[in-house]
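The block underneath contains the structure these notes are about, expressed in structure tokens.
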Amino acid sequence: MKLILAIVCNDDSQSVSSALIREGFFVTKLSTTGGFLLVGNTTLLIGTKDEEVERAIDILKKFCTVRNQVKKPDAAFGAGLTNYSLPEEVSTGGATVFVLNVDEMLKM
Ligand code: 2BA
């Protein structure tokens, strides 16, 4: 068994999690925040059989779009502290995916 951790843009999270559920996957959504842009994203937890991992990844590829986002220059500096560098555009999404081995899964 595997646990897929997929970090996706908030805008894609509803459509991708609906598609996964329609296809028979079990999904948990966590509200998360990217450490670099400090904006909200969504982390999906998908526990599934080894042989279903590729199918889940295909769905993530289909529904998660790559987009450009501007990093605010003071995003990492906190209130009252200013960074005078210019805003920086970074490419983000479609999905950042980690596939982990699961020793055991229990439902009680
Ligand atoms: P953020 O950390 O907010 O990063 C947003 C985008 O900013 C990244 O897009 C990347 O293009 C850029 N970026 C991030 N860290 C950077 C750095 N140290 N230097 C230069 N550019 C940087 P993605 O790579 O598509 O990542 C989207 C989100 O996925 C990230 O949001 C983070 O929440 C997560 N993520 C990506 N890689 C990760 C990793 N290795 N471990 C944990 N989380 C990760």
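Scope of the values below: all heavy atoms of this structure, side chains included, with no hydrogens, waters or symmetry mates. Bear in mind the structure is a predicted one, so any value in this text is a computation, not a measurement. Each ligand, and each atom within it, is numbered from 1 in the order the structure gives.
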> Which protein residues have a heavy atom closer than 4.0 Å to any atom of ligand 1, listed by chain and number?
Replying inline: Ile7, Gly34, Gly35, Phe36, Leu37, Asn41, Val90, Ser91, Thr92, Gly93, Thr96, Phe98
>> Glu51: which residues meet the side chain to side chain contact (heavy atoms under 4.5 Å, CB included) condition with it, sequence neighbours left out?
In response: Lys49
>> Counting neighbours of NZ on Lys29 that are heavy atoms of other residues, nucleotides or ligands and sit closer than 6.0 Å, is the number greater than 12?
In response: yes
> To the nearest 0.5 Å, how far apart are OG1 in Thr48 and CG in Leu3?
Replying inline: 10.0 Å
> Which atoms form the tightest heavy-atom contact between Ala95 and Val8, and what is the distance?
Replying inline: CB-CG1, 3.9 Å
Side-chain atoms of residues 97-108: list all donor-acceptor pairs with protein atoms under 3.5 Å, sequence neighbours left out, distances to 0.1 Å.
unit_1: Asn101; atom_1: OD1; unit_2: Lys2; atom_2: NZ; d: 2.3

> What residue pairs, at least two apart or across chains, pass salt bridge (charged side-chain N to carboxylate O under 4.0 Å, His left out) with a residue in residues 5-25?
Replying inline: Asp12-Arg67, Glu23-Arg55
